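Because the structure is predicted, anything quoted here is derived from the model rather than measured.
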Amino acid sequence: MTQTETQKVIFRDPSVLKQVVGINNEHLKIISDALGIQLSQRGNEVNIQGEKLDMELAAKLLEQLGVLVEKGYPLYPADVDYAIRLLSENHKVSLEEVFLDTVYISGKRKVISPKSIRQKQYIDAIRSNDIVIAIGPAGTGKTYLAMAMAVSELMKHRVERIILARPAVEAGEKLGFLPGDLIEKVNPYLRPLYDALHDMMHFEKAARLVDRGIIEIAPLAFMRGRTLNNAFVILDEAQNTVPEQMKMFLTRLGFGSKAVITGDITQIDLENGKKSGLVQVQDILKGIPGIAFVYFTEKDVVRHHLVQQIIKAYERMEAKWARPDRSSEAGGT
């Protein structure tokens, strides 16, 4: 049986301690529940009681959270949860290197930064490559971080415009039955891109940029025949492109441009057994300099903590369905 021990972490700055423990010790409760230990504050100390390895992890976590706060990082409960995941997976990781890599500070004073090692690798890949293809489940920040990088590049005048595209696969033959003109018909499929954009800048500013054509949000079909120079181009939900559409999109890239392609190959909505362009492109473009692939897993989910568990549950179910039924081979009745 592992012996229970105690340890303490001392904070010299009361304001840092206050932010680390959270309102009503909310952050300490999150850490206690996640690591199965007991945490209590007394004066400028946080006392830790539990098994040795868990206690050491908690001490390292508290110390690194303190460093983040000292350097001006606004600490929220979700950040504490992400930090626990990071250190649990890799005890040598530096939270400072991940969390303080600011991608963009929105007009709403919201700091957008990576929350996992994979997210950090993702934004580094975007900085270093002209084409990045990100594949993984929902909630891993693929589109959101790409959008943040795009807005950041626009604000720094490194690109002249942002183009956000999505395939409207549900439209197809049903499009004619929807009310309104073509733009009104496809707008529901582009809504998630508008939502992400409005999370990063005030609605009025975003609307002005869209009206001036500096930010364009359009269905993928609108990209045909164009050459996109000095632009940051994002293709979202790329698992719903067919190979011909993927080739068309990739060959739109002009001088001074970057392209980020995101998608989840477990959520393909194409009909009639059509092959996904995102699945195929992995073999076609593999190993080409200047093109990077980043693969996310459920461990990188940065939505509600239950989303991670939901993804795992579905993966278990899909794996079970994929196994052949061997009951007939056993000779049983």
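Taking Tyr82 as the reference, nothing meets the side chain to side chain donor-acceptor pair (under 3.5 Å) condition, with sequence neighbours excluded. Residues meeting the salt bridge (Lys or Arg N to Asp or Glu O under 4.0 Å) test with Arg208, sequence neighbours left out: none. Listed by chain and number, the residues in a side chain to side chain contact (heavy atoms under 4.5 Å, CB included) with Arg224 are Met248 (sequence neighbours excluded). Qualifying ring-ring contact (aromatic ring centres under 6.0 Å, His included) partners for Phe249, counting only residues two or more places apart in sequence or in other chains: none.
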**Request:** Evaluate the criterion salt bridge (Lys or Arg N to Asp or Glu O under 4.0 Å) for residue pair Arg85 and Asp81; output intermediate values, then yes/no.
**Result:** CA-CA 6 Å; Arg85 283 197 239 168; Asp81 184 54; 3.4 Å; yes
**Request:** Report the C-alpha separation of Asp79 and Leu65 in whole Å, then their side-chain angles, then the decisive distance to 0.1 Å, and conclude whether the side-chain contact (heavy atoms from CB on, under 4.5 Å) test is met.
**Result:** CA-CA 9 Å; Asp79 297 311; Leu65 291 177; over 6 Å; no
**Chi angles and distances behind the side-chain contact (heavy atoms from CB on, under 4.5 Å) call for Val98, Lys115** = CA-CA 7 Å; Val98 177; Lys115 307 299 183 186; over 6 Å; no
**Request:** Walk me through it: do Thr227 and Phe255 pass the test side-chain contact (heavy atoms from CB on, under 4.5 Å)?
**Result:** CA-CA 9 Å; Thr227 300; Phe255 294 107; over 6 Å; no
**Request:** Determine, stepwise, if the pair Gln280 / Met246 fulfils side-chain contact (heavy atoms from CB on, under 4.5 Å).
**Result:** CA-CA 9 Å; Gln280 185 191 66; Met246 178 63 75; over 6 Å; no
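The shortest side-chain heavy-atom distance between Met200 and Tyr144 falls under the 4.5 Å cut-off. Proximity of Leu193 to Arg166: side-chain heavy atoms (C-beta onward) are separated by under 4.5 Å at one or more points. Counting only heavy atoms from C-beta outward, the side chains of Val20 and Val9 never approach each other to under 4.5 Å. By the 4.5 Å heavy-atom criterion applied to side chains, Leu62 and Phe11 are counted as neighbours. Glu56 has its side chain within reach of Leu53: a pair of non-hydrogen atoms, C-beta onward, lies under 4.5 Å apart. Under the 4.5 Å side-chain criterion, counting only non-hydrogen atoms from C-beta, Glu216 is in contact with Met223. Using a 4.5 Å heavy-atom cutoff, the side chains of Val69 and Lys18 are not in contact.
In this structure, NZ on Lys258 lies 7.0 Å from CE on Met149, to the nearest 0.5 angstrom. Atom CG of residue Leu86 and atom CG of residue Asp300 lie 9.0 Å apart, to the nearest 0.5 angstrom. A distance of 5.0 Å separates CG in Leu75 from NE2 in His27, rounded to the nearest 0.5 Å. Here CD1 of Ile135 is found 4.0 Å from CG of Leu278. Values are rounded to the nearest 0.5 Å. Atoms CD1 and CG, on Ile31 and Leu57 in that order, are 9.0 Å from each other to the nearest 0.5 Å. Atom CD of Gln19 and atom CG of Asp13 lie 9.0 Å apart (nearest 0.5 Å).
The aromatic rings of Tyr295 and Phe293 sit parallel, their planes meeting at an angle under 30°, below the 60° perpendicular limit.
Looking at every heavy atom in both residues, Ser152 comes nearest to Val103 through OG-O, 3.3 Å. Nearest approach of Ser276 to Ile268, heavy atoms of both residues: CB-CD1, 3.7 Å. Of all heavy-atom pairs spanning Leu253 and Ala259, the tightest one is CD1-CB, 3.9 Å. Heavy-atom minimum distance, Thr6 versus Met55: C-SD, 3.4 Å. Contact between Asn240 and Leu270 at its shortest, heavy atoms only, is O-CD2, 3.3 Å. Of all heavy-atom pairs spanning Gly43 and Leu17, the tightest one is O-CD2, 3.3 Å.
For the side-chain contact (heavy atoms from CB on, under 4.5 Å) with Leu209, the lone residue among Ile214, Leu197, Val151, Ile162 that qualifies is Ile214. For the side-chain contact (heavy atoms from CB on, under 4.5 Å) with Leu235, the qualifying choice from Thr241, Ile163, Thr262 is Thr241, the only one to do so.
For Asn24 (side chain) and Glu26 (main-chain N/O), no donor-acceptor pair under 3.5 Å exists by modelled atom type. For Gln64 (side chain) and Leu95 (main-chain N/O), a donor-acceptor pair under 3.5 Å exists by modelled atom type. The closest donor-acceptor contact from the side chain of Ser113 to the backbone of Leu100 lies at 3.5 Å or more, if one exists at all. A donor-acceptor contact shorter than 3.5 Å is absent between the side chain of Gln38 and the backbone of Ser32. One N or O on the side chain of Gln245 and one on the backbone of Val242 form a donor-acceptor pair closer than 3.5 Å. Arg252 places a side-chain N or O within donor-acceptor distance of the main-chain N or O of Arg226, the cut-off being under 3.5 Å.
By the rule that hydrophobic residues join a cluster once side-chain heavy atoms approach within less than 4.5 Å of another member, Tyr76 and Leu28 end up as members of separate clusters. Cluster membership check: Ile284 shares its hydrophobic cluster with Ile261, using side-chain heavy-atom separations under 4.5 Å among Ile, Leu, Val, Met, Phe, Trp and Tyr. Both Val93 and Leu35 sit in one connected hydrophobic cluster of ILVMFWY residues. Membership requires side-chain heavy atoms under 4.5 Å apart, directly or through other members. The hydrophobic clustering, which links ILVMFWY residues whose side-chain heavy atoms are closer than 4.5 Å, places Met155 and Val159 together. In terms of hydrophobic clustering, with Ile, Leu, Val, Met, Phe, Trp and Tyr side chains grouped at heavy-atom distances under 4.5 Å, Ile265 and Leu220 are assigned to a common cluster.
The neighbour count for Gln282 CD, taken as heavy atoms of other residues, nucleotides or ligands under 6.0 Å away, is above 12. Open room surrounds CD1 on Ile23; 12 or fewer heavy atoms of other groups in view lie less than 6.0 Å from it.
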Name each donor-acceptor pair under 3.5 Å that joins a side chain in residues 123-131 to protein atoms two or more places apart or in another chain, with its distance.
{"from": "Asp124", "atom 1": "OD1", "to": "Arg127", "atom 2": "NH1", "distance (Å)": "3.1"}
{"from": "Arg127", "atom 1": "NH1", "to": "Asp101", "atom 2": "OD1", "distance (Å)": "3.3"}
{"from": "Arg127", "atom 1": "NH1", "to": "Asp101", "atom 2": "OD2", "distance (Å)": "2.9"}
{"from": "Arg127", "atom 1": "NH2", "to": "Asp101", "atom 2": "OD1", "distance (Å)": "2.7"}
{"from": "Ser128", "atom 1": "OG", "to": "Asp124", "atom 2": "O", "distance (Å)": "3.0"}
{"from": "Asn129", "atom 1": "ND2", "to": "Ala125", "atom 2": "O", "distance (Å)": "2.9"}

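In this structure, a donor-acceptor pair under 3.5 Å is present between the side chains of Gln239 and Glu237.
Residues Glu89 and Lys299 are not paired through a salt bridge, judged by the lack of any N-O separation under 4.0 Å between the basic side chain and the carboxylate.
Listed by first and then second residue, the ring-ring contact (aromatic ring centres under 6.0 Å, His included) pairs that reach into residues 114-142 are Tyr122-Phe296, sequence neighbours excluded.
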